[in-house]
Q: 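The following block contains the structure, expressed as structure tokens.
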Amino acid sequence: MPGTDLLQSMRWRRRGGAQEASREDGDTHMTHGRSAGILVESQKEDSVQTLFTNARIVDATLAEPVEGHVLVEDGLIRDLAARPVAAPDRLVLDLKGRTLMPGLIDCHVHVVASLMNLSANAQLPNAMAVLRALPILKGMLDRGFTTVRDLGGAPFALAQALEQGLAAGPRLVVCGKALSKTGGHVDLRAREDVYDPYRWGGQFGALGRVADGVDEVRRACRQELRQGAHFIKIMANGGVASPTDPIAWQGYSADEILASVQEAQDAQTYVAAHLYTSAAIQRCVRAGVHSLEHCNLIDAPTAAAAAAADCVAVPTLVTYEVLTEDGPGLGLPPDSIAKIETVRGAGLGSLTIMREAGLPMAFGTDLLGGGHVRQSEEFAIRGRVLPAREILASATTVAAKLLGMEGRLGVVAPGAIADLLVVDGDPLADISLLATPQRSILTVMQGGVVHRHAAH
Ligand SMILES: [Zn+2]
């Protein structure tokens with residue numbers, strides 16, 4: 001929306017724990033109130049309060065939308081009231097009945113995957129790979145994803161850099177490098193290549209590293225956890241984007257999976273596993289894996305077993321649509337293109353199977369390279385078979401619980417982190433609104449800081 005963004009050129013950044021406003025040319029828009037819309041009162045340069053007035057508050061924990069006013073202070077939601085709240089040094093955003101909802105959480109992304117060809121991505125020079133990740137991160141935040149969980153590639157240092165305001169992007173929850181066996185989903189060597197599979201593991205652009213056998217898996221888990229991984233990611237089935245592992249091949253053996261679960265649990269966290277088939281899911285559920293990624297080929301008994309074990313599934317349907325439509329043009333190798341249909345067709349049916357089994361589903365997308373711009377389409381795809389409220393929960397409350405941030409993220413409630421979106425329309429009446437964020441999401445606030453604010 002060129003020309004309509006109020007704060008596009010005005011960045012509110014958190015630096016060294018203090019909030020600092022740097023204004024380039026956006027403040028005339030603010031002080032003169034030329035938005036003809038929701039920004040009606042300016043704030044002082046050093047103010048850390050924002051007041052949303054006349055909001056229609058929607059979150060997945062509310063039975064009905066609530067009309068009210070929300071005060072944000074020092075990065076947190078401080079107050080939520082039916083009457084206007086006193087806040088002397090505030091930025092006031094009069095929403096005039098528009099929706100105020102929690103920031104979105106995508107629980108399966110790869111922010112360092114700037115190329116769809118993951119072998120080429122792993123071989124990018126580090127400086128190139130870092131800089132190519134920056135627009136991916138900013139794009140996610142622009143679309144309203146204030147927190148994302150990275151399932152392979154992003155190091156803890158990147159999460160720290162974003163926390164320090166060095167670049168615009170979602171709050172990052174990371175696993176470091178994903179782990180697979182030789183010939184598994186992160187072994188990107190062509191079939192005829194016999195060189196060392198470990199050579200790319202340290203590269204910024206590598207999504208994973210190879211570790212074989214219980215001892216190596218344990219060591220790899222410990223190394224990732226020592227370096228700041230919030231959880232562990234393993235590959236438990238073949239995958240689309242790797243060349244030599246058919247989808248139905250099992251990834252790690254049961255004892256290797258169990259070793260990873262023990263290491264994660266010893267570090268008070270959990271394992272997320274890439275998988276599609278019921279055989280792989282059952283092996284992982286038995287071993288204690290908590291987060292089940294993709295799950296396209298799950299059957300009803302397996303879904304029931306996963307639900308009974310308190311697992312969370314993270315379907316990622318949009319990536320298969322993007323790979324099918326855009327993969328050949330965006331550099332996806334022919335070996336991968338041949339595998340897409342094995343999992344794509346079953347995707348929507350898997351949502352119904354998991355819902356009927358009572359298996360919680362978090363929101364995920366798993367996009368690569370040029371596909372990232374289609375992240376929000378996942379809302380429209382799920383909307384074909386799931387109720388809007390459940391989809392909203394998947395990207396807010398269910399996701400927050402999976403991240404161990406229940407009550408802190410994913411809700412509009414006092415004490416929660418002020419990750420908030422202003423939406424033009426009611427996502428509970430039409431979830432596909434969230435699939436067109438450039439049009440429907442007017443404001444993105446992250447940690448009490450306005451990242452994007454568009455006039456209407
Ligand atoms: Zn993935």
Side-chain angles (χ1 to χ4, degrees), residues 58-60 65 99 101-102 104-109 140 143-145 148 240 247 274-278 281 291-300 302-304 306-307 311-327 339-368 370-399 402 410 421 423-441:
V58 167
D59 81 18
T99 298
M101 60 169 280
L104 300 167
I105 303 170
D106 188 332
C107 289
H108 192 128
V109 301
M140 289 177 175
R143 289 185 284 274
F145 291 95
V148 300
V240 171
I247 295 294
H274 156 101
L275 34 65
Y276 294 107
T277 66
S278 288
I281 297 168
S291 183
L292 306 173
E293 311 303 307
H294 318 305
C295 296
N296 297 47
L297 305 175
I298 196 168
D299 61 24
T302 305
C311 295
V312 178
V314 188
T316 60
L317 301 188
V318 66
T319 196
Y320 308 105
E321 302 302 317
V322 172
L323 290 172
T324 303
E325 292 165 26
D326 304 337
K339 294 197 268 187
I340 299 169
E341 203 47 43
T342 314
V343 292
R344 188 180 81 105
L348 280 181
S350 74
L351 298 184
T352 304
I353 289 169
M354 291 188 276
R355 178 171 192 250
E356 287 174 355
L359 177 59
M361 285 179 269
F363 186 95
T365 54
D366 198 21
L367 292 162
L368 308 172
H372 280 112
V373 293
R374 296 179 60 181
Q375 183 178 24
S376 302
E377 286 180 34
E378 181 78 20
F379 287 106
I381 294 170
R382 294 192 187 199
R384 292 178 206 152
V385 292
L386 296 178
R389 178 174 291 279
E390 291 178 25
I391 300 170
L392 180 69
S394 77
T396 55
T397 49
V398 176
L402 178 58
L421 308 180
V423 177
D424 196 11
D426 180 359
L428 289 179
D430 178 11
I431 196 72
S432 71
L433 276 177
L434 299 179
T436 55
Q438 292 79 5
R439 204 164 51 234
S440 58
I441 298 180

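Given the structure is predicted, the values throughout are model-derived calculations rather than measurements.
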Q: Side chains of H274 and E293 only: does a donor on one sit below 3.5 Å from an acceptor on the other?
A: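 The answer is no; no qualifying pair exists.
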
Q: So M140 and V109, do their side chains get closer than 4.5 Å, heavy atoms only?
A: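 A side-chain contact under 4.5 Å exists here.
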
Q: Any idea which heavy atoms bring A357 and A303 closest together, and the distance?
A: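 Minimum heavy-atom separation between A357 and A303: CB-CB, 3.5 Å.
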
Q: Quick test of your reading of the model: are R143 and E377 salt-bridged, counting only N-O distances below 4.0 Å?
A: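 Result for this pair is no, no salt bridge flagged.
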
Q: Of the non-hydrogen atoms in L359 and C311, which two are nearest, and what is the gap between them?
A: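 Shortest heavy-atom contact: CD1-O, 3.3 Å.
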
Q: Can you tell me how far OG1 of T277 sits from CD1 of I247, rounded to the nearest 0.5 angstrom?
A: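 Answer rounded to 0.5 Å: 9.5 Å.
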
Q: State whether the side chain of T397 and the backbone N or O of A60 hold a donor-acceptor pair below 3.5 Å, judged by distance alone.
A: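 No: the side chain of T397 does not pair with the backbone of A60.
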
Q: Is there side-chain contact between F363 and L104, with heavy atoms separated by less than 4.5 Å?
A: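 No - every pair of side-chain heavy atoms lies 4.5 Å or more apart.
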
Q: Considering residues at least two apart in sequence or located in another chain, which fulfil the side chain to side chain donor-acceptor pair (under 3.5 Å) criterion with E378?
A: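 E378 satisfies side chain to side chain donor-acceptor pair (under 3.5 Å) with R382 once adjacent residues are dropped.
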
Q: Any chance you could lay out the side-chain contact (heavy atoms from CB on, under 4.5 Å) test for R355 and V385, step after step, and finish with the verdict?
A: CA-CA 10 Å; R355 178 171 192 250; V385 292; over 6 Å; no

Q: Has the side chain of H294 got a donor or acceptor atom that lies under 3.5 Å from a matching backbone atom of P315?
A: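 Absent.
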
Q: R439 vs D424, test: salt bridge (Lys or Arg N to Asp or Glu O under 4.0 Å). Steps then yes/no.
A: CA-CA 8 Å; R439 204 164 51 234; D424 196 11; over 6 Å; no

Q: Less than 4.5 Å apart, any side-chain heavy atom of L275 and any of C295?
A: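 The answer is yes, as the side chains (C-beta and beyond) meet within the 4.5 Å cut-off.
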
Q: Tell me the closest heavy-atom pair linking A346 and L297, and the distance in Å.
A: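 Scanning both residues completely, I find the closest heavy atoms to be CB-CD2, 3.7 Å.
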
Q: Restricting to side chain to side chain donor-acceptor pair (under 3.5 Å), what partner residues turn up for E341, sequence neighbours left out?
A: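 E341 satisfies side chain to side chain donor-acceptor pair (under 3.5 Å) with R344 only.
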
Q: For the atom pair CG (L351) and CD (E390), what is the distance rounded to the nearest 0.5 Å?
A: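 Between atom CG of L351 and atom CD of E390 there are 10.5 Å.
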
Q: Applying side-chain contact (heavy atoms from CB on, under 4.5 Å) between L402 and each of S291, P360, S394, report the one that passes.
A: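 Exactly one option meets the side-chain contact (heavy atoms from CB on, under 4.5 Å) with L402, and it is S291.
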
Q: Looking only at side chains, do S350 and N296 share a donor and an acceptor under 3.5 Å apart?
A: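 No - no donor-acceptor pair under 3.5 Å links their side chains.
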
Q: Are side-chain heavy atoms of T99 and P427 found at a separation under 4.5 Å?
A: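 They are in side-chain contact.
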
Q: Minimum heavy-atom separation for G347 and L317, please, with both atom names.
A: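 Scanning both residues completely, I find the closest heavy atoms to be CA-CD2, 3.6 Å.
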
Q: Among T319, T316, D106, which one satisfies side-chain hydrogen bond (donor to acceptor under 3.5 Å, both in side chains) with T365?
A: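 When T319, T316, D106 are each tested with T365, the side-chain hydrogen bond (donor to acceptor under 3.5 Å, both in side chains) holds only for D106.
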
Q: Kindly indicate whether the side chain of V322, heavy atoms from C-beta on, has any atom under 4.5 Å from the side chain of V318.
A: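 Yes, close enough: below the 4.5 Å cut-off.
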
Q: Could you tell me if the side chain of V314 sits less than 4.5 Å from the side chain of L292, heavy atoms only?
A: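 Counting from C-beta outward, L292 and V314 never come under 4.5 Å.
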
Q: Short question: side chain of T302, backbone of I298 - any donor-acceptor pair under 3.5 Å?
A: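 No.
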
Q: Passes side-chain contact (heavy atoms from CB on, under 4.5 Å), L434 versus M101? Steps please.
A: CA-CA 11 Å; L434 299 179; M101 60 169 280; 4.1 Å; yes

Q: Flag the pair E321 / I381 as yes when at least one side-chain heavy-atom distance between them is below 4.5 Å, and no otherwise.
A: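 Sidechains of I381 and E321: in contact.
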
Q: Specify the closest pair of heavy atoms between F379 and I391, including all atoms of both residues, with the distance to one decimal.
A: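 Closest heavy-atom pair between F379 and I391: CD2-CG2, 3.6 Å.
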
Q: With the side chain counted from C-beta on, respond yes when I105 and V148 share a heavy-atom pair under 4.5 Å apart, and no when they do not.
A: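 The answer is no, as the side chains (C-beta and beyond) never meet within the 4.5 Å cut-off.
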
Q: Between NZ of K339 and OH of Y276, what distance do you get to the nearest 0.5 Å?
A: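 So the gap between those two atoms works out to 9.0 Å.
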
Q: Starting at OG of S440, measure out to CG of D426 and round the result to the nearest 0.5 Å.
A: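 Reported to 0.5 Å precision, the distance equals 11.5 Å.
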
Q: Considering all heavy atoms of both residues, which atom of V373 and which atom of G370 are nearest to each other, and what is their separation?
A: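 Of all heavy-atom pairs spanning V373 and G370, the closest is CG2-O, 3.5 Å.
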
